[in-house]
**Q** 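Dumping the structure here so I can ask a few things about it.
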Amino acid sequence: MQYWVMKSEPGEFSLLDLKGKRRAFWDGIRNYQVRNMLRDEMRVGDRALFYHSNAGAETGVVGVMEVVKNAYPDATQFDKKSKYYDAKSDYSNPRWLGVEVEFIHELPRLVSLAELKGELAFQELPLIKKGNRLSIIKLTKVQFEKIVKLANKKV
DNA sequence: GCCAACGTTGGC
DNA sequence: GCCAACGTTGGC
């Protein structure tokens, strides 16, 4: 089993949105590095932390989900009405992929970006580095468990 | 293949 | 809303 962090702006798609749907296709990945990770490394059964980005004081890790379907083509790339539409992608060789994820649980509390930055153990984590623009980041089991543990600790 | 211009992400 | 960082595009 592998571990990940997946970012979404809560105004677009939040943990509660996922909770309501139970399962969702993680669409809108338009970065080649991220696409390659989805395609080559992410597999059914992997665990992922749900990270709310661009959310002011609420920015941080809020929940846990599971990958329930390996990567397959993202339909929004062919949808002219979608903001994720990509005119250069063609049906026979789709450029963009996504995975399906399922809600597992909400963390007892937010583990904020500020808190992650304060933990020495995460100094090397790309998630907290300035200029990091990958919306999906791989974690070690230890990092994943440490973040979950922090969420269970009273502030 | 270089690199300037442009677009996007995401913290603040 | 601003802007730093950095990925992508396209002219040469």
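Letters A, B, ... are given to chains in the order of the sequence lines, protein chains preceding strands, and every chain is numbered from 1.
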**Q** Using the ring pair (Phe, Tyr, Trp, His ring centres under 6.0 Å) definition, which of the options A:Tyr3, A:Phe122, A:Trp4 pairs with A:Phe144?
**A** A:Tyr3
**Q** Do A:Val148 and A:Val111 have side chains that get closer than 4.5 Å, going by heavy atoms?
**A** no
**Q** Run the salt-bridge test on A:Asp86 and A:Arg95 with the 4.0 Å N-O cut-off and return the result as yes or no.
**A** yes
**Q** What I'd like to find out is whether the side chain of A:Lys149 reaches to under 4.5 Å of the side chain of A:Glu145, using heavy atoms alone.
**A** no
**Q** Would a 4.5 Å heavy-atom cut-off, applied to side chains only, mark A:Leu107 and A:Val61 as touching?
**A** yes
**Q** Would a 4.5 Å heavy-atom cut-off, applied to side chains only, mark A:Leu49 and A:Val64 as touching?
**A** yes
**Q** What one-letter contact string describes nucleotides 2-10 of chain C from 5' to 3', where B marks a base within less than 4.0 Å of any protein heavy atom, S marks contact via sugar-phosphate atoms alone, and - marks no contact?
**A** --SBBSS-S
**Q** State, with a plain yes or no, whether a side-chain heavy atom of A:Met6 is found less than 4.5 Å away from one of A:Met42.
**A** yes
**Q** Do the side chains of A:Glu12 and A:Lys83 get close enough for a salt bridge, i.e. N-O under 4.0 angstrom?
**A** yes
**Q** Hey, can you pull the residues of residues 4-18 of chain A with a non-hydrogen atom under 4.0 angstrom from DNA chain B?
**A** A:Lys7
**Q** For A:Lys141, is the NZ atom crowded, meaning more than 12 foreign heavy atoms sit under 6.0 Å from it?
**A** no
**Q** Taking DNA chain B as the partner, which of residues 112-122 of chain A come within under 4.0 angstrom of it by heavy atom?
**A** A:Leu113, A:Lys117
**Q** For the pair A:Phe78 and A:Tyr91, name the ring-plane relationship: parallel under 30°, tilted 30 to 60°, perpendicular over 60°.
**A** parallel
